[in-house]
Structures are given as structure tokens and as C-alpha cells.
Amino acid sequence: MKKQGRLILVIVLLLIVVIFSWLNVRNVTVSFGFTKVTIPLVILLVLAILIGAIIAASLSVSTIVSQKKKINELEKSLKANQTMRRTDASTTSTK
């Protein structure tokens with residue numbers, strides 16, 4: 001159910017972007033400092049959204065990777081502690 005809600009939200013947001021872009025089809029000039037480019041506003045908006053999505057995805061991927069590394073370290077530490085407790089419990093029970 002949660003995935004369906006997200007899908008509906010994404011579709012609605014995409015429709016808003018498409019309608020907004022469709023209403024803004026005139027050409028705009030973008031200056032990059034060393035050159036100027038004249039392109040339709042629709043293309044500029046789509047490119048800006050794609051670049052933003054790529055940046056957001058790359059940042060989330062780096063966060064996920066670092067969290068997975070931390071989880072693996074903590075799992076190894078937990079296993080080592082559990083093993084140590086078992087050996088301590090077995091040595092105290094034999095005394």
C-alpha cells in the first residue's frame with residue numbers, strides 16, 4: 001500500500017511538472033559564463049530536474065553505503081561479544 005501511495009505521488013508530481021513545462025515553451029538564454037545557449041524553457045526545466053535527481057540519488061547512495069559499512073562493523077562486534085560471553089559462561093559453569 002505504501003508503494004502505491006508513493007507511485008501515485010510521483011505520477012501527480014510528474015504531471016504537474018509536465019503541465020508547467022508545457023505552459024512555458026518559449027526560448028530562454030542561459031549564460032554559463034564563457035558561452036550563452038538559447039534553448040526552450042521546457043528542456044531547461046527537464047534538465048534541471050534530472051540533474052537534481054542525479055545529485056540526490058548520488059548523495060543517498062553514498063549515505064546508504066556508509067550505513068551498510070557501519071552495520072557490518074557493528075554486526076562483527078556483536079558476534080565477537082556474543083562469542084566472548086559464551087566462552088565466559090562456559091568457563092564459569094565448569095568451575
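Numbers for residues simply follow the sequence, beginning at 1. Computed over heavy atoms, backbone and side chain alike; hydrogens, waters and symmetry mates excluded.
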Using side-chain heavy atoms (C-beta onward) and a distance below 4.5 Å, is K70 in contact with E73? yes

Residues at least two apart in sequence or cross-chain that pass side chain to side chain donor-acceptor pair (under 3.5 Å) with T29, listed by chain then number, are T38

Would you say F32 ends up clustered with I39 if hydrophobic residues are merged whenever their side chains have heavy atoms under 4.5 Å apart, either directly or through other cluster members? yes

Calculate, to the nearest 0.5 Å, the distance between atoms CD1 and CG belonging to I49 and L44 respectively. 10.0 Å

For the hydrophobic clusters of this structure (ILVMFWY residues joined by side-chain heavy atoms under 4.5 Å, transitively), does one cluster hold both I51 and V37? no

Inter- and intrachain pairs under side chain to side chain donor-acceptor pair (under 3.5 Å), touching residues 39-63, at least two apart: none

Give the cluster check for I8 versus I16: same hydrophobic cluster or not, with ILVMFWY residues linked at side-chain heavy-atom distances below 4.5 Å. yes

Testing V46, L41, L47, L45 one by one against I43 for a side-chain contact (heavy atoms from CB on, under 4.5 Å), which residue passes? L47

Interatomic spacing from CG in L9 to CG in L14 - rounded to 0.5 Å: 9.5 Å

Report yes or no: do L15 and L7 belong to one cluster of Ile/Leu/Val/Met/Phe/Trp/Tyr joined by side chain heavy-atom distances under 4.5 Å? yes

Indicate the atoms forming the closest heavy-atom contact of P40 with V25, along with that distance. CB-O, 4.1 Å

Side chains of K68 and I64, heavy atoms from C-beta outward: is any pair under 4.5 Å? yes

Considering residues at least two apart in sequence or located in another chain, which fulfil the side chain to side chain donor-acceptor pair (under 3.5 Å) criterion with S66? none

